[in-house]
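Scroll down for the structure; my scribbles are underneath it.
Position 1 is the first residue of the sequence, and the numbers go up from there. Being a predicted model, the structure only gives us computed values, none of them experimental.
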Amino acid sequence: MRYAVLSDIHANLEALDAVLGDLGQVDATLCLGDLVGYGPDPNACIERVRALPDLACVAGNHDLAALGRYDVSWFNLHAREAVLWSGEQLNDDNRDFLDGLPLTQAVGPFTLVHGSLPEPMDYLLSQWEARLTFEQMTTPVCLVGHTHIAEFYYQPDGTSIPEHRSLINGGKVKLEDGMRYIVNCGGIGQPRDGNPLAAYGLYDSRRRTITVRRVEYDIAAVQRKMRQADLPPLLIDRLTYGR
Ligand code: ZN
């Protein structure tokens with residue numbers, strides 16, 4: 001089976017469509033949340049994701065903030081402005097969809113969570129924070145998003161300090177027996193690892209590999225739409241740099 005691993009779409013339809021085009025046919029879809037916030041197409045992005053095969057999806061902080069279920073005082077001014085705008089755009093059907101998303105979900109060998117297991121809306125940014133999630137894992141692999149940085153941690157059973165590897169330029173993680181993994185396949189709609197290309201993952205259950213791919217998309221087109229929607233200039237500019 002081929003599984004798509006999608007995260008942090010952030011209402012960027014151009015990036016999402018480029019990823020879906022690159023992906024080809026999949027049997028199942030794993031989504032790590034933040035479908036909305038920042039970008040100009042929240043409804044269309046949610047509808048694309050809902051139409052994907054055998055979808056398992058968890059909520060991100062922007063999804064909950066757009067519903068008024070997450071305190072936006074945690075957000076910087078630009079993020080807050082964009083997420084409140086997202087919330088105003090959502091139709092009832094898509095609002096209900098976001099409202100029904102769980103914070104964590106187990107699917108086969110995977111646990112899905114937006115940020116980290118101790119606190120689903122916290123960033124996992126270090127080997128120390130990875131260790132806290134490893135301690136709570138009940139599956140061999142945890143898939144996370146939230147940081148928009150493509151990377152992974154792995155921990156041989158019984159050791160305390162997780163190893164870390166970057167996936168900024170894409171790459172493959174081969175899942176080995178006796179090893180546990182935390183994998184972040186990067187962000188689709190607003191990469192922040194210095195690579196402006198949209199990032200996503202593909203899990204092949206026969207080969208037991210997770211491949212992270214980076215995909216070009218029409219950044220200028222989404223920036224034009226963001227200007228038309230009067231979204232914050234800083235959010236528009238950062239797409240160019242992947243920061
Ligand atoms: Zn995000």
Side-chain angles (χ1 to χ4, degrees), residues 1-9 19 26-34 54-61 101-188 190-195 197-214 242:
M1 294 229 312
R2 279 161 51 90
Y3 294 68
V5 184
L6 312 177
S7 192
D8 296 281
I9 294 159
V19 162
V26 292
D27 304 291
T29 310
L30 309 174
C31 178
L32 287 316
D34 276 2
D54 201 9
L55 173 69
C57 183
V58 292
N61 52 325
L101 296 177
L103 294 180
T104 62
Q105 191 169 352
V107 182
F110 302 111
T111 300
L112 318 185
V113 68
H114 185 60
S116 76
L117 283 182
E119 170 44 67
M121 301 310 164
D122 275 2
Y123 289 102
L124 196 161
L125 284 164
S126 67
Q127 282 155 298
W128 168 252
E129 286 157 343
R131 190 176 157 184
L132 300 176
T133 283
F134 275 120
E135 281 173 8
Q136 295 193 8
M137 279 166 60
T138 55
T139 59
V141 185
C142 186
L143 297 174
V144 299
H146 198 25
T147 63
H148 309 189
I149 295 169
E151 61 185 356
F152 72 104
Y153 297 88
Y154 60 101
Q155 189 184 47
D157 284 350
T159 66
S160 56
I161 307 295
E163 302 282 337
H164 171 259
R165 295 286 183 274
S166 170
L167 293 164
I168 287 175
N169 297 311
K172 199 170 277 189
V173 183
K174 171 92 175 91
L175 305 180
E176 308 280 1
D177 288 332
M179 198 75 86
R180 300 193 304 158
Y181 301 85
I182 299 168
V183 184
N184 189 327
C185 294
I188 291 176
Q190 192 205 73
R192 284 182 199 158
D193 51 16
N195 183 344
L197 305 183
Y200 78 98
L202 200 52
Y203 170 61
D204 181 323
S205 64
R206 196 172 53 81
R207 294 194 172 88
R208 299 190 69 210
T209 55
I210 300 172
T211 304
V212 169
R213 292 177 59 83
R214 308 292 306 226

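- A 4.5 Å side-chain heavy-atom check between L117 and M137 finds at least one atom pair inside the cut-off.
- Rounded to the nearest 0.5 angstrom, L132 CG and E119 CD are separated by 12.0 Å.
- Residues Y3 and T29 are not in side-chain contact: their nearest non-hydrogen atoms beyond the backbone lie 4.5 Å or more apart.
- A pairwise comparison of heavy atoms in S7 and H146 identifies OG-N, 4.3 Å as the closest pair.
- Atom CG of L6 is separated from atom CD1 of I188 by 4.5 Å, given to the nearest 0.5 angstrom.
- Remark: R208 CZ is packed, more than 12 non-hydrogen atoms of other residues, nucleotides or ligands lying under 6.0 Å away.
- No side-chain heavy atom of L32 sits less than 4.5 Å from a side-chain heavy atom of V144.
- A salt bridge does not link D204 with K174: none of the charged nitrogens is closer than 4.0 Å to a carboxylate oxygen.
- Q155 is not listed as a side-chain neighbour of E163, based on a closest heavy-atom distance of 4.5 Å or more.
- Atom CZ of R213 is separated from atom CG of L202 by 7.5 Å, given to the nearest 0.5 angstrom.
- Interatomic distance, S205 OG to D27 CG, rounded to the nearest 0.5 Å: 7.5 Å.
- Taking the centre of each ring, Y153 and F134 stay at or above the 6.0 Å mark.
- Side chain of H114 to main chain of P120: no donor-acceptor pair is present (N/O by atom type, distance under 3.5 Å, no hydrogens or angles).
- Summarising the geometry of V107 relative to A56, their closest heavy-atom pair is CG2-CB, 3.7 Å, with the distance given to 0.1 Å.
- In this structure, H164 and E151 have side chains that are in contact, with non-hydrogen atoms separated by less than 4.5 Å.
- Side-chain polar atoms of D193 and H148 form no donor-acceptor pair below 3.5 angstrom.
- Looking at every heavy atom in both residues, L124 comes nearest to T133 through CD1-OG1, 3.6 Å.
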(request) Report the C-alpha distance between L167 and F152 in whole Å, list the side-chain angles of each, state the deciding distance to 0.1 Å, and finish with yes or no for side chain to side chain contact (heavy atoms under 4.5 Å, CB included). (result) CA-CA 7 Å; L167 293 164; F152 72 104; 3.7 Å; yes

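- Between C185 and A199, the closest heavy-atom pair is O-CB, 3.3 Å.
- Residues that satisfy the side-chain contact (heavy atoms from CB on, under 4.5 Å) test with S126, not counting sequence neighbours, are W128, E129.
- Of the inter-residue distances, the one linking Y181 atom OH with I210 atom CD1 reads 9.0 Å to the nearest 0.5 angstrom.
- Inter-residue side-chain proximity for I182 and P162 is flagged as unmet; no heavy-atom pair is nearer than 4.5 Å.
- The two residues R214 and A150 have their closest heavy-atom pair at NH1-CB, 3.9 Å.
- Distance check: L175 CG to Y203 OH gives 6.0 Å after rounding to the nearest 0.5 Å.
- Nearest heavy-atom pair, L30 versus F110, reported as atom, atom and distance to 0.1 Å: CD1-CD1, 3.7 Å.
- The residue from L103, V5, V58 that alone fulfils the side-chain contact (heavy atoms from CB on, under 4.5 Å) condition with L112 is V58.
- Between the side chain of T139 and the main chain of V141, a donor-acceptor pair closer than 3.5 Å is present.
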